[in-house]
Asks: 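Right, I'll just put the structure down here and ask away after.
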Number of protein chains: 2
Amino acid sequence: MSDQTTAAMVVIGNEILSGKIVDSNSPFLARELRELGVQLSRIVVVPDEIPVVAAAVRDCSRSFDWVFTSGGVGPTHDDITIEAVAAAFSVPVVEDAELRQSILSMAHDKPSEHLLKMARIPSGAELIHGEDRIFPALRIENVHILPGIPQLFEAKLVEMRERFRSSPYHLREILVARAETTIAGYLDATLAAFPELMLGSYPSMSKAEYRVRLTLESKDEAYVDGALEDLVSRMPEGYVVKIES
Amino acid sequence: MSDQTTAAMVVIGNEILSGKIVDSNSPFLARELRELGVQLSRIVVVPDEIPVVAAAVRDCSRSFDWVFTSGGVGPTHDDITIEAVAAAFSVPVVEDAELRQSILSMAHDKPSEHLLKMARIPSGAELIHGEDRIFPALRIENVHILPGIPQLFEAKLVEMRERFRSSPYHLREILVARAETTIAGYLDATLAAFPELMLGSYPSMSKAEYRVRLTLESKDEAYVDGALEDLVSRMPEGYVVKIES
């Protein structure tokens with residue numbers, strides 16, 4: 001159970017902070033990482049400002065095993081992620097020869113200054129190529145730089161996902177017909193017996209079927225099944241609506 | 001244009017980090033604050049751990065005018081927001097007499113220990129009562145503590161929203177039929193002429209109607225309209241699909 005690989009996400013985007021766009025990349029990443037056995041431990045949404053993004057990336061890089069950024073890699077004035085990540089690691093931004101060549105080919109040797117901006121990377125970054133795409137994802141140290149457009153973010157993450165696979169989480173769920181205040185004591189008792197259990201309690205106001213959804217998780221399957229049996233056996237008849245395992 | 005009231009949101013929730021639930025409270029807050037003329041400058045999603053939540057709340061309280069927390073205020077073991085916010089301000093957690101009385105009435109003088117936990121607040125916190133609700137939102141210093149269940153979060157935020165109203169943002173939008181690399185130079189030119197303009201450029205891969213959505217914003221209406229005219233006049237015929245103002 002000590003095998004906890006951790007991750008953080010830095011979302012770069014004034015458009016999310018100003019309510020114009022709802023971020024779908026962090027929920028996507030959260031689900032992917034969980035499935036890969038990686039614990040997402042922080043999501044930070046920051047504005048398009050180099051010092052702010054640089055500080056968030058640096059902090060997350062030091063505190064977690066993997067970092068993912070979303071957004072700010074296009075050709076316009078508000079695309080500052082490359083510069084910010086370079087600043088986070090105190091490296092210069094350089095033009096990558098391979099990317100420059102791709103862009104020249106694409107633009108029939110007449111690229112605009114702004115298109116050529118897309119060849120600039122933090123010095124030392126790895127280019128992570130996917131299928132049929134001109135622009136790769138980038139990696140420097142433990143930080144992975146992905147685009148903000150959801151179709152591209154998702155495609156690139158899926159292409160590189162096996163890099164991050166760790167031992168899986170085992171999840172069990174219990175739907176309960178009583179309120180949280182009624183069952184809280186049973187949860188405490190099970191946690192006392194299974195202190196390493198990841199136990200979530202989520203009340204719902206919109207479901208007719210149940211009032212609380214309990215999630216039990218561990219990387220140790222026998223442990224989570226032991227905790228499940230323990231908790232179910234503590235609750236009086238009629239409390240448990242459904243067990244999903 | 002110097003009237004920038006800023007805000008941050010701290011979302012407390014393992015369920016969001018583990019991909020079980022998609023957070024709808026931060027998009028709701030982002031839209032509400034924008035409408036109120038307040039600039040949301042940071043969103044941080046943190047796990048249900050007292051030291052982590054306390055540090056995030058303390059940092060945000062110092063850096064921004066308003067802070068909002070979402071989640072972690074229920075009666076179970078994973079509800080640690082009250083303790084964490086108290087720790088952020090180095091005050092004790094105390095039982096509020098008024099809340100205790102409400103809970104005693106509700107439970108016909110036989111509340112469970114876990115229900116009584118709901119009477120505990122950071123010492124010195126203001127109770128912000130809404131309509132027809134037993135449990136108030138709380139405020140201590142510039143931090144507002146709201147529940148995580150979306151129906152409750154939204155209702156409580158709407159009830160207290162006028163506390164935060166500032167001078168409005170004026171938004172104009174331009175839909176453009178060309179790629180970002182093609183128009184980036186025009187954006188730079190307009191920004192050189194209108195350096196205080198908040199200018200966003202959002203490419204879309206899924207819209208047939210346009211390729212880039214530009215957003216122009218300012219708290220100064222004449223300024224944003226001047227910038228709009230400037231930018232539209234720079235672009236060749238056929239570039240601008242639609243202007244929304």
Side-chain angles (χ1 to χ4, degrees), chain A residues 11 14-24 26-35 39-48 52 74-79 111-115 117-118 149 151-152 169 180-185 187-188 191 198-206 215 217, chain B residues 11 14-24 26-27 29-35 39-48 52 74-79 111-115 117-118 149 151-152 169 179-185 187-188 191 198-206 215 217:
Chain A
V11 180
N14 289 344
E15 69 276 25
I16 292 155
L17 292 167
S18 62
K20 294 185 188 70
I21 289 177
V22 174
D23 169 41
S24 67
S26 62
F28 185 84
L29 181 70
R31 285 189 298 269
E32 283 288 305
L33 290 179
R34 199 65 178 183
E35 203 278 320
Q39 180 179 299
L40 181 61
S41 298
R42 194 82 80 254
I43 302 168
V44 192
V45 187
V46 289
D48 307 334
V52 178
T76 59
H77 63 283
D78 54 357
D79 292 310
S112 69
E113 164 204 349
H114 290 93
L115 189 55
K117 183 183 171 189
M118 305 286 288
I149 299 177
Q151 294 96 321
L152 298 179
Y169 288 101
E180 276 195 313
T181 47
T182 307
I183 62 168
L187 306 184
D188 290 348
L191 278 172
M198 290 179 275
L199 175 60
S201 174
Y202 307 114
S204 171
M205 295 179 66
S206 55
T215 61
E217 277 173 296
Chain B
V11 180
N14 289 345
E15 69 275 26
I16 293 156
L17 292 167
S18 63
K20 295 185 187 72
I21 288 178
V22 174
D23 168 40
S24 67
S26 63
L29 180 71
R31 286 188 299 268
E32 284 287 307
L33 290 179
R34 198 64 178 185
E35 204 278 319
Q39 179 178 298
L40 182 61
S41 298
R42 195 81 82 254
I43 302 167
V44 192
V45 187
V46 289
D48 307 334
V52 178
T76 58
H77 64 283
D78 54 358
D79 292 309
S112 70
E113 164 203 348
H114 289 92
L115 189 55
K117 182 184 170 188
M118 305 286 288
I149 299 178
Q151 293 96 322
L152 298 180
Y169 288 101
E180 276 195 312
T181 47
T182 307
I183 63 168
L187 306 185
D188 290 347
L191 278 172
M198 289 179 275
L199 176 59
S201 175
Y202 307 114
S204 171
M205 295 179 67
S206 55
T215 62
E217 277 174 294

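So that the names make sense, note that chain A is the first sequence line, chain B the second, and so on, each numbered from 1. These numbers come from the heavy atoms of this one structure, side chains and all, not from hydrogens, waters or symmetry mates.
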Asks: If I take atom OG1 from residue T181(A) and atom CE from residue M118(B), how far apart are they, to the nearest 0.5 angstrom?
Replies: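 CE of M118(B) is found 8.0 Å from OG1 of T181(A).
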
Asks: Please identify, among K117(A), E113(A), E15(A), M205(A), the residue contributing the most non-hydrogen atom pairs under 4.5 Å to chain B.
Replies: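 Most heavy-atom pairs within the cutoff with chain B belong to E15(A).
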
Asks: Measure S201(B) against the heavy atoms of chain A and call it side chain, backbone, both or neither at under 4.5 Å.
Replies: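 For S201(B), heavy atoms of backbone and side chain both lie under 4.5 Å from chain A.
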
Asks: Quick one: CG on D23(B) to CD1 on I43(A), what's the gap to the nearest 0.5 Å?
Replies: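 Rounded to the nearest 0.5 Å, the CG-CD1 separation comes to 8.0 Å.
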
Asks: Please look at V11(B) and chain A and tell me whether the side chain, the backbone, both or neither of the residue comes under 4.5 angstrom of a heavy atom of that chain.
Replies: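 Nothing of V11(B), per the 4.5 Å heavy-atom cut-off to chain A.
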
Asks: For L187(A), is it the side chain, the backbone, both, or neither that has a heavy atom closer than 4.5 Å to a heavy atom of chain B?
Replies: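 L187(A) touches chain B through side-chain heavy atoms alone.
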
Asks: By a 4.5 Å heavy-atom criterion (distance strictly below it), what part of L115(A) contacts chain B: side chain, backbone, both, or neither?
Replies: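 For L115(A), backbone and side chain are both near chain B.
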
Asks: Which heavy atom of P75(B) sits nearest to which heavy atom of A184(A), and what is that distance?
Replies: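 Nearest heavy atoms, P75(B) then A184(A): O-CB, 4.0 Å.
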
Asks: Are K20(A) and E217(B) ion-paired here, with the side-chain N under 4.0 Å from a carboxylate O?
Replies: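 So K20(A) pairs with E217(B) through a salt bridge.
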
Asks: Given a strict heavy-atom distance threshold of 4.5 Å, which part of S18(A) is in contact with chain B: side chain, backbone, both, or neither?
Replies: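 Both the backbone and the side chain of S18(A) come within 4.5 Å of chain B.
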
Asks: Nearest 0.5 Å, please: how far is CD1 in I183(B) from OG1 in T76(A)?
Replies: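 One finds 8.0 Å between OG1 of T76(A) and CD1 of I183(B).
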
Asks: Please flag which part of L199(A) lies under 4.5 Å from any non-hydrogen atom of chain B: side chain, backbone, both or neither.
Replies: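 L199(A) touches chain B through backbone and side-chain heavy atoms alike.
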
Asks: Does any backbone or side-chain atom of V22(A) lie under 4.5 Å from a heavy atom of chain B? Answer side chain, backbone, both or neither.
Replies: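 Contact with chain B: side chain only.
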
Asks: Can you tell me how far CG of N14(B) sits from CD of Q39(A), rounded to the nearest 0.5 angstrom?
Replies: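 Nearest 0.5 Å value for the CD-CG distance: 7.5 Å.
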
Asks: Tell me, for I149(B) versus chain A, whether the close heavy atoms (under 4.5 Å) come from the side chain, the backbone, both or neither.
Replies: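 Interface part for I149(B): side chain.
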
Asks: Taking all atoms of both residues into account, what is the closest heavy-atom pair of Q151(A) and S206(B), and its distance?
Replies: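 Taking Q151(A) first and S206(B) second, the nearest heavy atoms are NE2-CB, 3.7 Å.
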
Asks: Tell me which of these, G19(A), P111(A), P203(A), has more heavy-atom pairs under 4.5 Å with chain B than the rest.
Replies: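 Ranked by heavy-atom pairs under 4.5 Å with chain B, first place is G19(A).
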
Asks: Measuring from Y202(A):OH to D78(B):CG, what's the distance to the nearest 0.5 Å?
Replies: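 Answer for the OH-CG pair, Y202(A) versus D78(B), is 6.0 Å.
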
Asks: In terms of heavy-atom pairs under 4.5 Å, which option from R42(B), E32(B), R31(B) contacts chain A the most?
Replies: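 Top option by heavy-atom pairs under 4.5 Å: R42(B).
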
Asks: If you look at every heavy atom in E180(A) and G74(B), which pair is closest and at what distance?
Replies: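 E180(A) and G74(B) have their closest heavy atoms at OE1-CA, 4.4 Å.
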
